[in-house]
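So that the names make sense, note that chain A is the first sequence line, chain B the second, and so on, each numbered from 1. Quick caveat, the model's predicted, so the values are computed rather than measured. Basis for what follows: all heavy atoms, side chains included, without hydrogens, waters or symmetry-related copies.
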There are 2 protein chains.
Amino acid sequence: MKEKEKLYFDERAKMIKAMAHPTRLYILTKLKEAEHCVCELTEMLGFDASTISKHLSVLKNAGLVSDDKRGLNVYYRLENPCILDILECVDSAIRKKLKSQMNMLK
Amino acid sequence: MKEKEKLYFDERAKMIKAMAHPTRLYILTKLKEAEHCVCELTEMLGFDASTISKHLSVLKNAGLVSDDKRGLNVYYRLENPCILDILECVDSAIRKKLKSQMNMLK
DNA sequence: CATGTATATGTTTAAATTACCAAATAGGAA
DNA sequence: TTCCTATTTGGTAATTTAAACATATACATG
């Protein structure tokens, strides 16, 4: 693999990696519907606020969300909604995998 | 987040995580064009064959590829090609991010 | 100004990841 | 059968990750 190509795949993988955590993926799907402040997301998820804040900073560094302070709260919104289109394929792949696992048992 | 919902996001994240490594992502794009044996992928990537083999087993466990032994070689192929559709969005998100970083410097 | 609340950051710890090497395995070829 | 080759598996060390807690910061409000 050429060096330039490698760097390109590094960048791509970095962005996908930012999505590759259940909490962050959940956050992204929530932000698809509407913007939310850290406290709302913390409430929904039930982790420590510092944990959620760090997950949000990962997403922000990746360029997947942006934020906006209003009053005491910081509101986050989804920057690239198309990123969630993958879920349709992921869900069908999960169903396919489960089916094949069921067939293994026969 | 409800327990059932959590399990669902765990599964989704697990599959996305399998893609979230430069080497594995590169392998997936190569397999989109054609099936390849481990030795060919090892050659392309320049890592130890055992490293490539382990990456392939991660992809296989995730249900993203399947394999098939013929002669001495094991051939891998892409099981859910739609998974790579995300790259279009990822690439545009990377361009968008780079642009905004350039604007920061002005 | 002083206080309180939301968020971010630093630290620590446990667990997971990735690469290599060495060794095991499978099965085709001599 | 014996040897070779492709692949997988096990072990190890270095690095990264995610969670909690404690602390710092920012700033709205009394």
**Prompt:** Would you say the side chain of L41(A) lies within less than 4.5 Å of the side chain of Y26(A), judging by non-hydrogen atoms?
**Reply:**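 When only atoms from C-beta onward are counted, L41(A) and Y26(A) do not touch, as no gap falls below 4.5 Å.
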Does [X] reach a base, just sugar-phosphate, or nothing at all? Heavy atoms under 4.0 Å.
X: Y76(B); answer: sugar-phosphate
X: S50(B); answer: base
X: R24(B); answer: sugar-phosphate
X: K17(B); answer: sugar-phosphate

**Request:** Classify the angle between the aromatic ring planes of H55(B) and H21(B) as parallel (below 30°), tilted (30 to 60°) or perpendicular (above 60°).
**Result:**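 Tilted: the ring planes of H55(B) and H21(B) meet at 30° to 60°.
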Whole angstrom is fine here: how far is it from [atom1] in [X] over to [atom2] in [N]?
X: I27(A); N: dT7(C); atom1: CD1; atom2: P; result: 12 Å
X: L56(B); N: dA19(C); atom1: CG; atom2: P; result: 12 Å
X: N73(A); N: dA6(C); atom1: CG; atom2: C1'; result: 6 Å

**Request:** Verify the contact: side-chain N or O of H21(B) to OP1 or OP2 of dA19(C), cut-off strictly under 4.0 Å; return yes or no.
**Result:**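 For dA19(C), OP1 or OP2 has a side-chain N or O of H21(B) closer than 4.0 Å.
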**Message:** Taking only side-chain N and O atoms of T51(B), does any of them lie within less than 4.0 angstrom of OP1 or OP2 on dT18(C)?
**Reply:**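 Result: no.
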**Message:** Quick check for you: to the nearest 0.5 Å, what is the distance between C39(B) atom SG and N73(B) atom CG?
**Reply:**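 Result: 4.5 Å between the selected atoms.
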**Asked** For DNA chain D, which nucleotides open and close the run of contacts to chain B, 5' to 3', at under 4.0 angstrom from a non-hydrogen atom?
**Response**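 Under 4.0 Å from chain B, the extent on DNA chain D is dT5(D) to dG11(D).
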**Asked** Under 3.5 Å, is there an N or O donor on one side and an acceptor on the other linking the side chain of K54(A) and the base of dG10(C)?
**Response**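 Such a pair exists between side chain and base.
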